[in-house]
Amino acid sequence: MTQTLAASNDIDPCTLVLFGASGNLARVKLYPGLFRLDSIGRLPADLKILAVGRQEVTLEAWRADIKSMLDAKFKKGYDAAAFERFIARNYYHANPPTDPDAFIKLKNTLSNDAIFPQNLAYFLSVRPVDFAPVVESLAKVGLTQEDKFWRRVVVEKPFGTDLASAKELQSGLTKNLKESQIYRIDHYLGKSALQNILLQRFTNTILEPIWNNQYIDHVQITNTEMLGVGDRTQFYDSTGALRDMIQSHILQTLALTAMELPKDLTPDGVRDAKIKVLEQIRPIPVDELNKHAFRAQYAAGKVNGEKVPGYLEELGNKDSVVETYAALKLFIDNPRWKGVPFYIRTAKRLHEADTRISIRFKKAPLQVNEQDQNWLIIGIQPRECIKMEIQAKVPGLDINTRTIQLDAANRLAEDDTVDAYEALLLNLMQGDNSNYLHISEAEAQWRLVDPVVKAWAADKTPVHQYPAGSSDPEASKVIFEAEDQFWRYSIELGGDKPN
Ligand code: BG6
C-alpha cells in the first residue's frame, strides 16, 4: 500500500477563497484552523486567504475581525510572531449580491498574481441553494477553468436534501466542474478517530480474520449527544436525525467499518472501496419498516441534573413528527457480511454523549455461567480507544469466569489535537480528496435513507417520546433480530446492561 501523507512543502502555492467568511463556520472553525496550521508550519509559505463577503469592509477592519475570531478561540493567547505571519496572508473582497459585475471584480482582484497565487481553492460556506449559482458565476468569468493552475471547490454539508436534489445539485456543479474539482464535506472524515478505523482494521493481522459473519454476531454504530437541537429548531425540523446524522456521518462510519481492503490508500482506492460497500447495503423494506427503523422525539427531562424542555416545546409546534432519535437495522449483501445486522443509531438528548463502533462476537464453544459474549469496541469520541472484552477465570477454588477488558487508548495525552476542519483544509490544498465524499457515496447514502424519510414524513401518528437524559426508548428494541441483542451503552466495563 502506498501512503499519501504530504508535508507543507508538497503543497502548491495557492489562494484560498472563502465565501461566507464572516459566517459561524469560518469564525469558529476555518480561521482558527488555518491559523493553527500556519503556527505548526503546515501552510505553504505563499498561501493567501481571500475572504469574500457581502459587506464592504476595509482590510484593516477585516484583519481586526480575524484577530477577534482567534481571541475568542484561543483564550490562553497565541504566539505574536505566528499571528503577524498569519494576518499578513489575509485579504478581503466585497461581493454585494446586488452588483451584476461582482464576479468580474472578484476576477480582477484575484488576477493580481503579485499577491494571489493562481491555484485557487474556493470554500463555499454559503446556503446550500447558493452552491451551484456561485460556481456558475465563477465559471462565467473563467475562474473555474483549469489549464496551468488548479481550481477546486469545497461544498459544505448537506449535499442535497434527498437523492433528487443531490442529483440536481451535482448536475448544476458538473456543468462547470469535473468530479476531481469537487470536494464535498463530511466533517467526520476529517476526524483522526474515523481515519483510524481503516488503519486499525487493516494494519493488524489479528483483526481481519475475525471481521466477518463467521465470528461477528452484529455491529452497532452509535452516535448519541446530550445536547438538544438548541437554536437550530427550524433547520432541524426540516431535516431530522436521519438526514442530519445517519445519511452522512453514521453511514460513513459504517462504510469504514465494513469496507473491503482498498487496493491502495490513494483517494480513488479508498473511495472506491467505500462506494462499493455503501452500494451493497440492502434497501430498507418500506412495507416492513417497523422491524427495520425506529424513531422518537425527546420530551422534557433532566440532563446533568438540569431540567430541559422537550423538542416539541422548543419548536413550538406539537404536531411535528420529525425525529430526534433514529435507529436503523441494515444488512450488507456481500459474502463478508451476509446475515450480520448492523444497528445504527443517533439521538439528541440521550443519557450519554458517545460515538463508537461496538461489535459483538458469536457465542464461544464453551459456555460457563451464561458467560457474556466478546465485544470489541472502537471509541471515536469523547474517548479514542479500542477495547476488547474477554472471559477469564475468576481466581479461586471454583470454576467460574468473568468479563475483563483490554483497554488501549488510541490517543495519548501528548498527542496533537487536530480539528477535523484543519485536516480537511490541509487535504484540500494537497489535492487529496480521499476524506471528501465522492458523488457516488452521497448518492448511495440518499438512496438508502430517502424511502424511510418519506415514509416517516407521511405518517403523522404522534412519535414515540423519550425523556431527555434517558437511555434508548424501550420500544426501539423492536428492530433487533434476536432476543438476546440489546443496545450497548458506555464503553466502560459493565456498561452493557440489557435495558
Ligand atoms: C452536524 C450535525 O453535522 O454534526 C449536528 O448537523 C451534530 O446536529 C454534529 O450535532 C455533530 O458533530 P460532532 O463533530 O460534534 O460530533
Side-chain angles (χ1 to χ4, degrees), residues 20 23-30 32-33 73 123-128 131 154-162 166 183-197 221-256 295-298 303 308 311 314-315 320 322-327 344-357 378-385 410-411 417-425 435-437 441-442 445-446 449 453 468 491:
N24 197 47
L25 181 75
R27 305 189 79 83
V28 176
K29 296 284 185 186
L30 304 182
K73 185 79 178 189
F123 198 116
L124 308 190
S125 179
V126 296
R127 296 177 311 165
F131 293 155
V154 180
V155 187
E156 254 297 332
K157 170 184 176 254
F159 196 86
T161 52
D162 58 12
Y183 287 63
R184 298 174 195 81
I185 288 223
D186 179 324
H187 80 276
Y188 266 50
L189 296 180
K191 293 184 190 245
S192 177
L194 262 273
Q195 296 165 7
N196 169 61
I197 301 170
I221 294 178
T222 306
N223 175 297
T224 58
E225 295 176 278
M226 292 168 84
L227 293 173
V229 298
D231 55 10
R232 296 161 82 214
T233 44
Q234 292 315 319
F235 157 80
Y236 201 85
D237 207 56
S238 60
T239 307
L242 199 51
R243 282 195 278 196
D244 186 37
M245 293 295 295
I246 289 194
Q247 188 276 340
S248 50
H249 313 322
I250 298 188
L251 284 176
Q252 280 296 311
T253 310
L254 181 146
L256 290 162
R295 67 172 162 171
Q297 287 172 335
Y298 61 83
V303 172
V308 295
Y311 175 67
E314 287 176 323
L315 184 66
S320 169
V322 168
E323 74 289 351
T324 61
Y325 176 108
I344 63 179
R345 78 198 205 273
T346 188
K348 302 262 183 217
R349 288 269 190 248
L350 225 64
H351 65 298
E352 62 180 2
D354 212 309
T355 303
R356 62 183 174 273
I357 301 157
I378 299 180
I380 309 273
Q381 57 190 34
R383 190 158 172 248
E384 292 173 47
C385 59
N410 278 334
R411 171 177 294 281
T417 305
V418 177
D419 183 78
Y421 276 92
E422 288 168 33
L424 293 173
L425 284 164
N435 291 321
Y436 285 86
L437 296 181
E441 294 175 87
Q445 292 170 184
W446 280 125
V449 301
V453 173
I491 52 179

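Numbering starts at 1 and runs along the sequence shown. Quantities reported herein were computed from a predicted structural model and do not represent experimental measurements. Counting convention: from 1, in listed order, for ligands and their atoms alike. Values below: all heavy atoms of this structure, side chains included; hydrogens, waters and symmetry mates excluded.
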**OP:** List the steps and the verdict of side chain to side chain contact (heavy atoms under 4.5 Å, CB included) for Tyr183 and Val155.
**Re:** CA-CA 6 Å; Tyr183 287 63; Val155 187; over 6 Å; no
Original post:
Which is it for Tyr188 and Gln381 under the side chain to side chain contact (heavy atoms under 4.5 Å, CB included) test, yes or no, and what are the steps along the way?
Top reply: CA-CA 11 Å; Tyr188 266 50; Gln381 57 190 34; 3.3 Å; yes
**OP:** Check for a donor-acceptor pair, side chain of Gln195 on one end and backbone N or O of Leu189 on the other, with a separation under 3.5 Å.
**Re:** yes
Original post:
Taking only residues two or more places apart in sequence or in another chain, which ones pass ring-ring contact (aromatic ring centres under 6.0 Å, His included) with His187?
Top reply: His249
**OP:** Assess the side chains of Thr222 and Arg345: does a donor N or O sit below 3.5 Å from an acceptor N or O?
**Re:** yes
Original post:
Does Arg243 reach the main-chain N or O of Thr161 with its side chain, forming a donor-acceptor pair under 3.5 Å?
Top reply: yes
Tabulating one pair per line, provide the atom names and distances (0.1 Å) for every N/O atom of ligand 1 that is less than 3.5 Å from a protein N/O atom.
from	atom 1	to	atom 2	distance (Å)
ligand 1	3 (O)	Lys157	NZ	2.8
ligand 1	3 (O)	His249	NE2	2.7
ligand 1	4 (O)	His249	NE2	3.4
ligand 1	6 (O)	Lys157	NZ	3.3
ligand 1	6 (O)	Arg232	NH2	2.9
ligand 1	6 (O)	Asp244	OD1	2.5
ligand 1	6 (O)	Asp244	OD2	3.4
ligand 1	8 (O)	Arg232	NH1	2.9
ligand 1	8 (O)	Asp244	OD2	2.6
ligand 1	8 (O)	Lys348	NZ	2.8
ligand 1	10 (O)	Glu225	OE1	3.3
ligand 1	10 (O)	Glu225	OE2	2.7
ligand 1	10 (O)	Lys348	NZ	3.1
ligand 1	12 (O)	His187	NE2	3.3
ligand 1	14 (O)	His187	NE2	2.8
ligand 1	14 (O)	Lys191	NZ	2.6
ligand 1	16 (O)	Tyr188	OH	2.4
ligand 1	16 (O)	Gln381	NE2	2.7

